[in-house]
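All ligand and atom numbering here is 1-based and tracks the order in the structure.
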Amino acid sequence: MSYNDKNIFAKILNGDAECVKVLENDFILAFMDVMPQAPGHTLVIPKYKTENLLNLDSNYFSPILEATQKIASSIKKVYSPTGVMVLQLNGAEAGQTVFHLHFHIIQRSEGLNYKFHSSEPRSFKELQKEADKIIANL
Ligand code: 5GP
């Protein structure tokens with residue numbers, strides 16, 4: 001399958017769809033997942049048109065990992081989970097539903113109500129509250 005410019009993350013990148021931003025630079029955009037599996041669920045995407053990790057330009061490797069580490073550290077400070085999961089799916093068979101490469105950052109703790117993938121949309125107001133806490137601890 002080739003990259004389709006009409007996917008929702010492409011629209012977010014070119015300003016045709018809204019998102020709640022957490023971090024942005026020339027290489028990446030990080031924003032809140034609209035159906036968080038746990039509070040603070042953040043996505044990091046490259047500003048590069050690729051469906052998956054397999055075709056990513058190597059100039060984006062460091063910026064993505066730096067942003068992911070920064071956000072994971074902030075999530076750890078904000079929510080004090082015992083674990084932080086970084087998840088990245090390649091292909092529908094692997095569970096991928098949006099076909100612009102993205103990394104999920106999700107807090108995990110025993111007893112935390114961890115929601116099913118893409119299940120419950122949250123309002124931008126609620127997401128902004130969580131984003132503000134993460135941004136304050138970056
Ligand atoms: P995937 O299944 O491809 O790994 O993950 C796609 C993620 O994108 C899901 O966690 C889903 O909740 C999230 N998502 C889907 N549509 C939107 C959207 O319009 N905005 C945001 N911020 N996240 C989305």
Minimum non-hydrogen distance to atom 15 (C) of ligand 1, winning option of Met35, Arg122, Gln37: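 Closest candidate by heavy-atom distance is Met35.
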
State, with a plain yes or no, whether a side-chain heavy atom of [X] is found less than 4.5 Å away from one of [Y].
X: Leu23; Y: Thr42; answer: no
X: Lys47; Y: Leu13; answer: yes
X: Glu51; Y: Leu101; answer: no
X: Thr50; Y: Asn52; answer: yes

Please list the nearest protein heavy atom to [atom] with its residue and the distance rounded to 0.1 Å.
atom: atom 12 (O) of ligand 1; answer: Asp33 OD1, 2.5 Å
atom: atom 16 (N) of ligand 1; answer: Ile8 CG2, 4.0 Å
atom: atom 5 (O) of ligand 1; answer: His102 NE2, 3.0 Å
atom: atom 23 (N) of ligand 1; answer: Val34 N, 3.3 Å
atom: atom 8 (O) of ligand 1; answer: Phe9 CZ, 3.4 Å
atom: atom 2 (O) of ligand 1; answer: His117 NE2, 2.5 Å

Using a 4.0 Å heavy-atom threshold (strictly under), name the region of [X] that reaches ligand 1: side chain, backbone, both or neither.
X: Phe124; answer: neither
X: His104; answer: side chain
X: Thr97; answer: both
X: Met32; answer: backbone
X: Phe31; answer: side chain

Under 3.5 Å: N/O of Gln96 near N/O of ligand 1: no

Any N/O pair Ile12/ligand 1 closer than 3.5 Å: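 The answer is no, given that Ile12 and ligand 1 share no N or O pair closer than 3.5 Å.
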
Positive for side-chain hydrogen bond (donor to acceptor under 3.5 Å, both in side chains) with Glu126, one of Gln128, Lys129, Arg122: Arg122

Gly95 touching ligand 1 at heavy-atom level, < 4.0 angstrom: yes

Ring centers of His104, His102 separated by less than 6.0 Å: yes

Ring centres under 6.0 angstrom apart (Phe31, Phe9):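 Ring-ring flag for Phe31/Phe9: true, centres closer than 6.0 Å.
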
Interfacing atoms of ligand 1 (cut-off 4.0 Å, heavy-atom, Leu89):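 Numbered from 1, ligand 1 contributes 4 (O).
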
Flag, side chain of Ser74 to backbone of Lys70, donor-acceptor distance under 3.5 Å: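 No; judged by distance alone, with no hydrogens or angles, the pair does not exist.
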
Lys133 atom NZ, over 12 foreign heavy atoms within 6.0 Å: yes

